[in-house]
Amino acid sequence: MVIGIDLGTTNCALAWSEDSSEAKQDLLPGQAPDINCFAVPQLTYPATVEPRSTLPSFVYLPGSHELPPHSLELPWDKQNGFIVGYMAREQGAKVPHRVVSSAKSWLSNEQIDADSPILPWNSPDEVEHISPVEASARYLSYLRQAWDFEHPDQPLADQDVVLTVPASFDTVAREFTVKAASRAGINKLTLLEEPQAAFYAWLNNADADWRSQVTDGDKILVCDVGGGTTDFSLITVTNKDGDLNLERSAVGDHILLGGDNMDLTLAVFVQQKLRKERGIKLDAWQMQVLTHACRTVKEQLLQEYAEDEWSVTVPGRGSSLIASSITETLSRLDVEKLVLEGFFPKCSIEDQTTRSRQSGLRELGLSFESNPAITKHLARFLALHKPDDGSLPFFAPTAVLFNGGVLKSPLLRQRLVETLNSWLAEAGAPPVKELSGADYDLAVARGAVRCGLAKNGFGIRIKGGTNRSYYIGLLSSQPAVPGMPAPIKALCVAPFGMEEESRNSIPSRSFGLVVGEPVEFRFFASTSRQQDSIGSIIEDWEEDLEELPALQLTLPADSGEAGKVIPVTLESYVTEVGTLEVWCCQDSQPKWRLEFEVREKS
């Protein structure tokens, strides 16, 4: 089988399709096997296991006597000591300091070691703590065990698994994801960017008709707004030898902004309303419960034919309230105004997000986006990838595909289309067409399966490759200047779009490698410098490149001479799961591998 897993920030999903020779015999030419979704059995209440279409990405770590005996037993695990999924989310809303959430976002946090036990973040010492890698492994392990229980003759570890990650994940975050999958017993693995998966799902729904919906020269914006993150990608359609080809041509930054921010915004609105109108002040615990309740309000009132209002209830605290519940209502108009104007404001293409001056001292934690305007982030993304010929001030998409739970709301999709079309009209470009038919909860898992099938000959593949250009620091060779260290240049070792399982070497050039003593290798990346080829050298890189964690190590010397400099050539290799290796070669043979280092603990 081919298994597709959406390892989501707020929900996970699993889909599958048969890829056996028997299944192929029953198919017409060009037809792909059916893709099915796995209903995940999970605890919904104590001692109650029910199937759900998705597995909420929450781990609850209960106290020793918090829940009744045997209430956490699963059909495949009678000794289960923690909760994953629906009940974990619901129980975490009541006892928030014991729940782990947004583990995927922590995998890309440069400030911490994602394999150290830090979650739940800022919880008391008596609460068990696990790492973001371990939390991700528990989601994946849960899916594997649930699948194996229902498919004992087809264990998941034996299947070809396509696991999705944000397009903005750098190679370090991808390495952590692979590590979590391996810890969960999943090793036959391919990584796929989530916006690409969403497009594969659209291809699957459109079937053979997709070629009539997009044509040569189309530029498709994939806009993915989920519970915790916002992702933008561009896919271009080209014609090669009379056949259409698809290529992922750009990806955006990792933006920690999504439905969770909207839930908190609604909760703050209710909090202020209670204080102003009724003199009620909510504490931190009540605010967390209220934020959880506002997620349901948002989902209900942003639908096309929504009710006029929705009630939320918060448990009371303190003697003055005698622990009575507090109920407040939110109107549809209030929700639309807060979400539409706060997160999807109408703006011009020039009204882009900019980097604000950072405070000199800040709390460690997730690097949440400070500007909530998703439309302004989109404007910045399109302006960053404007045509090289200067014909337009921004990249002008001809079609848009929406994905992510937030964009279930037709009101939000309509606002994004209106905003895009206003920019296009001003530039004299035709309006964008919306590619419809998405399943916002399951599209990524389904698309992952379609990608796996495409690798085996069923349907077209999207040409992707590395989502950044990668560079290694190169110490300049120049005379010493008092008080000024020798500058570091950036040498491109993997250009944007370098495909999986491909190798590149820097032609006709050698470098000096220090062996036998501790040294540091600096690495850099860029999502915008797509014109650089392997071997390109960037001298003034501070504004264009993002520095990645440095690698500190001692490379062995054959002769044992410390500090010896030997001539080497460089070769880069993109693995089948999309991670990058850089090799230093001696006599044309790879000898020393430079692996991207995991982040050190802060």
Side-chain angles (χ1 to χ4, degrees), residues 4-15 37 52-58 85-86 89 100-109 132 135-136 139 163-169 173 177 191-202 221-233 251-266 291-292 294-296 298-299 302-303 339 342-344 366-369 371-375 377-378 381 400-413 415-416 438-448 467:
I5 297 180
D6 174 10
L7 181 63
T9 308
T10 52
N11 286 285
C12 300
L14 187 152
C37 289
R52 291 285 190 272
S53 60
T54 61
L55 178 76
S57 305
F58 295 80
Y86 181 90
R89 184 185 67 194
V100 174
S101 61
S102 301
K104 186 172 75 171
S105 295
W106 286 94
L107 296 179
S108 62
N109 190 331
S136 301
Y139 305 145
L163 178 63
T164 63
V165 294
S168 51
F169 260 21
T177 306
L191 296 186
L192 175 68
E193 295 170 8
E194 290 164 4
Q196 283 192 59
F199 194 78
Y200 272 116
W202 177 81
L221 167 68
V222 183
C223 183
D224 187 343
V225 185
T229 59
T230 292
D231 247 349
F232 302 122
S233 285
V251 298
D253 296 328
H254 192 63
I255 305 173
L256 284 181
L257 175 65
D260 294 346
N261 302 71
M262 301 169 197
D263 303 341
L264 179 59
T265 299
L266 298 179
T291 302
H292 178 79
C294 285
R295 175 179 57 84
T296 302
K298 174 196 68 184
E299 293 171 353
L302 286 178
Q303 296 308 308
V339 174
F343 294 89
F344 299 89
L366 289 175
S367 300
F368 291 109
E369 179 55 50
N371 190 326
I374 291 172
T375 43
H377 288 284
L378 178 57
F381 170 70
V400 60
L401 175 67
F402 294 122
N403 188 56
V406 168
L407 295 180
K408 286 181 182 179
S409 168
L411 298 174
L412 304 186
R413 299 198 303 273
R415 171 58 63 89
L416 281 170
D439 181 339
Y440 298 98
D441 287 327
L442 301 172
V444 169
R446 287 180 179 273
N467 60 357

Looking only at non-hydrogen atoms, find the nearest pair between [X] and [Y] and report the distance.
X: Leu192; Y: Ala197; value: CD2-CB, 3.7 Å
X: Trp106; Y: Pro132; value: CB-CG, 3.4 Å
X: Leu407; Y: Phe402; value: CD1-CD2, 3.7 Å
X: Leu302; Y: Pro410; value: O-CD, 4.0 Å
X: Cys12; Y: Tyr139; value: SG-CB, 4.1 Å
X: Thr164; Y: Ala448; value: CG2-CB, 3.9 Å

Is the shortest side-chain heavy-atom distance between [X] and [Y] below 4.5 Å?
X: Ile255; Y: Thr229; value: no
X: Leu163; Y: Thr177; value: yes
X: Arg446; Y: Asp439; value: yes
X: Lys104; Y: Phe169; value: yes
X: Asn11; Y: Tyr86; value: no
X: Glu194; Y: Asn403; value: no
X: Leu221; Y: Leu378; value: yes
X: Val339; Y: Leu412; value: yes

From [X] atom [atom1] to [Y] atom [atom2], the distance as rounded to the nearest 0.5 Å:
X: Ser136; Y: Leu7; atom1: OG; atom2: CG; result: 5.5 Å
X: Leu256; Y: Ser102; atom1: CG; atom2: OG; result: 8.0 Å
X: His292; Y: Leu264; atom1: NE2; atom2: CG; result: 14.5 Å
X: Phe343; Y: Leu257; atom1: CZ; atom2: CG; result: 6.5 Å

Margin query: Quick check with a 6.0 Å cut-off and a 45 degree axis cone: is Arg415 positioned over the face of Phe344's six-membered ring?
Written below: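 Verdict for Phe344: no cation-pi partner in Arg415.
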Check: With sequence neighbours left out, what residues match Asp260 under side-chain hydrogen bond (donor to acceptor under 3.5 Å, both in side chains)?
Finding: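 Applying side-chain hydrogen bond (donor to acceptor under 3.5 Å, both in side chains) to Asp260 gives none.
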Next item on the list: With side chain to side chain contact (heavy atoms under 4.5 Å, CB included) as the test, would you mind laying out the steps for Thr9 and Ser105 before giving the verdict?
Entry: CA-CA 7 Å; Thr9 308; Ser105 295; 3.8 Å; yes
Next item on the list: Applying side chain to side chain contact (heavy atoms under 4.5 Å, CB included), run through Leu401 and Phe199 and close with a yes or a no.
Entry: CA-CA 7 Å; Leu401 175 67; Phe199 194 78; 3.8 Å; yes
Margin query: Hydrogens and angles aside, do Asp231 and Ser168 bring a side-chain donor and acceptor to less than 3.5 Å of each other?
Written below: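 Their side chains do contain a donor-acceptor pair, which is all the 3.5 Å distance test asks for.
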